[in-house]
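Worksheet: the structure to be examined is printed underneath.
Each chain gets a letter, A, B and so on, in the order its sequence line appears, and its residues count up from 1.
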Amino acid sequence: MFLTRRKHVLHSIHQSFYSNSRTLTISTTHIHLQQPLLQMTLTGFNMKFQNYNELLNECVHKKAFREGQRVHAHMIKTRYLPSVFLRTRLIVLYTKCDSLGDARHVFDEMHERNVVSWTAMISAYSQRGYASQALNLFIQMLRSGTEPNEFTFATVLTSCTSSLGFMLGRQIHSLIIKSNYEDHVFVGSSLLDMYAKDGKIHEAQTVFECLPERDVVSCTAIISGYAQLGLDEEALELFRCLQGEGMQSNYVTYTGVITALSGLAALDLGKQMHNHVLRSEIPSFVVLQNSLIDMYSKCGNLTYSRRIFDTMYERTVISWNAMLVGYSKHGEGREVLELFTLMRKEKKVKPDSVTILAVLSGCSHGGLEDRGLNIFQEMTSGKFGVEPKMEHYGCVVDLLGRSGRVEEALEFIKKMPFEPTAAIWGSLLGACRVHSNVDIGEFAGHQLLEIEPGNAGNYVILSNLYALAGRWEDVRSLRDLMLKKTVTKEPGRSWIELDQVLHTFHASDRSHPRREEIRVKVKELSVGFKEVGYVPDLSCVLHDVDEEQKEKILLGHSEKLALSFGLIATPESVPIRVIKNLRICVDCHNFAKYISKVYGREVSLRDKNRFHRIVGGKCSCGDYW
DNA sequence: GTAGGGTTAG
């Protein structure tokens, strides 16, 4: 009966997706309680149990809160004492109806509890995101002497998401081993997911490999685990491998894979996956569609993102945010504001903290400084119902900095109700580099180096600034300071997708099969560009070497290798799409501009923060990033 | 009767 119903729902969702219809109605029959409740007062004890049970089941199934409350009230009125079984049903009912207080009340009033009632209450908290309450209750359960079962373990592990939770999670793992539940597939997927969320992907992998049987959920959990940690290629490889072994996939699996493809900006692979989803019987639930919106925007194709957004029959705040963030990263400020206006007009979903963040950064990236500052004003006066957080303040520093109001930005930082973070000082330093304000830049730079002495990128930007002012002595001492602090830098990588294959380059990479061609091309470009005005920005190199060497290092930057390969290997009619894992360096940004000007090729460059669409020697970022 | 995996931002 349940299966048929589910099938029917899925079918109608599928239908509505293809017919672009935005409304989906699932009819729920109203539950009439008058008759059964009246009859119950007359029937015997056993009969009452069965009747109550049936009624509660119906209420749980239909999430019928009021009716459930009436059944509960009837028990109290007729002085019927429900068993542990029925009380647990009530906990489940109230949890489903989003009434945790009522659920807890039933739980507290229980004279005796068993593993099921404990688990139901723990699950209530973890489902609603009250992780610490769930963990507390689990500990209370252990103290009460109730042995957890596989349901309890699978449930409680989902609440192990904070640093305290991860610690507890490890202890729970040993408890699982002791109680012989480690082979259980539900427990295992919950466990491996916890490890993945703690960044311990090897532990997660071990748990996964030790499972005697695998199913969709455990496979999805491990694939998504890789994707969430940014190990996108590994996620993709594992997906292919497990698929080869006959793994079943569902819409959650595809969501995980699409997230990995977003990270890689693999447009062709992404399209292929999307097609696969459309062709197969996989229903496109909101979460999957959200991941598609994000994937297309991160692959540089906002038109497709919008197409999906427009045809969704239901949108959550995440759908709106994904679309807004997409426009923002592409520097489409007007689109951001238009969509935000539409969102507020529709009133179906309320903006959240991420929404405002997207709007503010959209104004900044889109060069709409004053509009952005206005929106922040409105935010602080409570207009959107969202409290400003550190990130929002960071956007304001960005907005002021972009307008060249560097002094004001510094004053703003001093007056913030938060301790400034590295991101805030970094943003101010970046503004000072663009607007050549050495004094404030130096101050911001030193604050930044104090908080984040290990980040090599910070030294480079400050060095850019000193070089701009001709303060070579300071450039040198900065380099010495960097050596002293033994800075390690996340290795820069750039890649380009060609016929569904990703070609990745590291700095001075010599591993590509066409390395010789690429080397010659980079050199040729550099020589050619110099004739039309390109001057290598040596301040982007902090090594203690002579100028010739510095230039050589610059030419080895991964962005230049990928760009040159793109120039060789892609047809003239298409834009060169390069993705960089870090912020793009000033010199490579300039180099890309020359490619666009001299070769008449559009360059689309995605770096850590945003898209740079470079046409005819001009970049959509307005040289501010 | 109680259970596991999923989307935006940083």
With a 4.0 Å limit, can you tell me whether [X] has a side-chain N or O closer than that to the phosphate oxygens OP1/OP2 of [N]?
| X | N | result |
| --- | --- | --- |
| Arg87(A) | dG1(B) | no |
| Lys298(A) | dA9(B) | yes |
| Lys197(A) | dG6(B) | yes |
| Gln228(A) | dT7(B) | yes |
| Gln289(A) | dG6(B) | no |

As a test of reading the structure: which of dT8(B), dT2(B), dG5(B) is closest to the side chain of Ala322(A), going by heavy atoms?
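Selected nucleotide: dT8(B).
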
So what does Thr158(A) touch, heavy atoms closer than 4.0 Å: a base, only the sugar-phosphate, or nothing?
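If one applies the 4.0 Å heavy-atom cut-off, Thr158(A) turns out to touch the sugar-phosphate alone, with no base involved.
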
Looking across every strand, which nucleic acid part, if any, lies under 4.0 Å from Thr220(A) by heavy atom: base, sugar-phosphate, or nothing?
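Touches a base.
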
Pair listing, side chain to side chain donor-acceptor pair (under 3.5 Å) test, anchored in residues 417-427 of chain A, at least two apart:
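Qualifying pairs: Asp398(A)-Ser427(A).
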
By a 5.5 angstrom centroid cut-off and a 30 degree plane limit, is there stacking between Phe85(A) and dG1(B)?
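Check passed, Phe85(A) stacks on base of dG1(B).
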
If you take atom types as modelled and just measure distance, does the side chain of Asp215(A) reach the base of dG4(B) with a donor-acceptor pair under 3.5 Å?
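Indeed there is one.
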
Set of side-chain contact (heavy atoms from CB on, under 4.5 Å) partners for Phe418(A), sequence neighbours left out:
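Checked Phe418(A) against side-chain contact (heavy atoms from CB on, under 4.5 Å); matches are Met390(A), Tyr393(A).
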
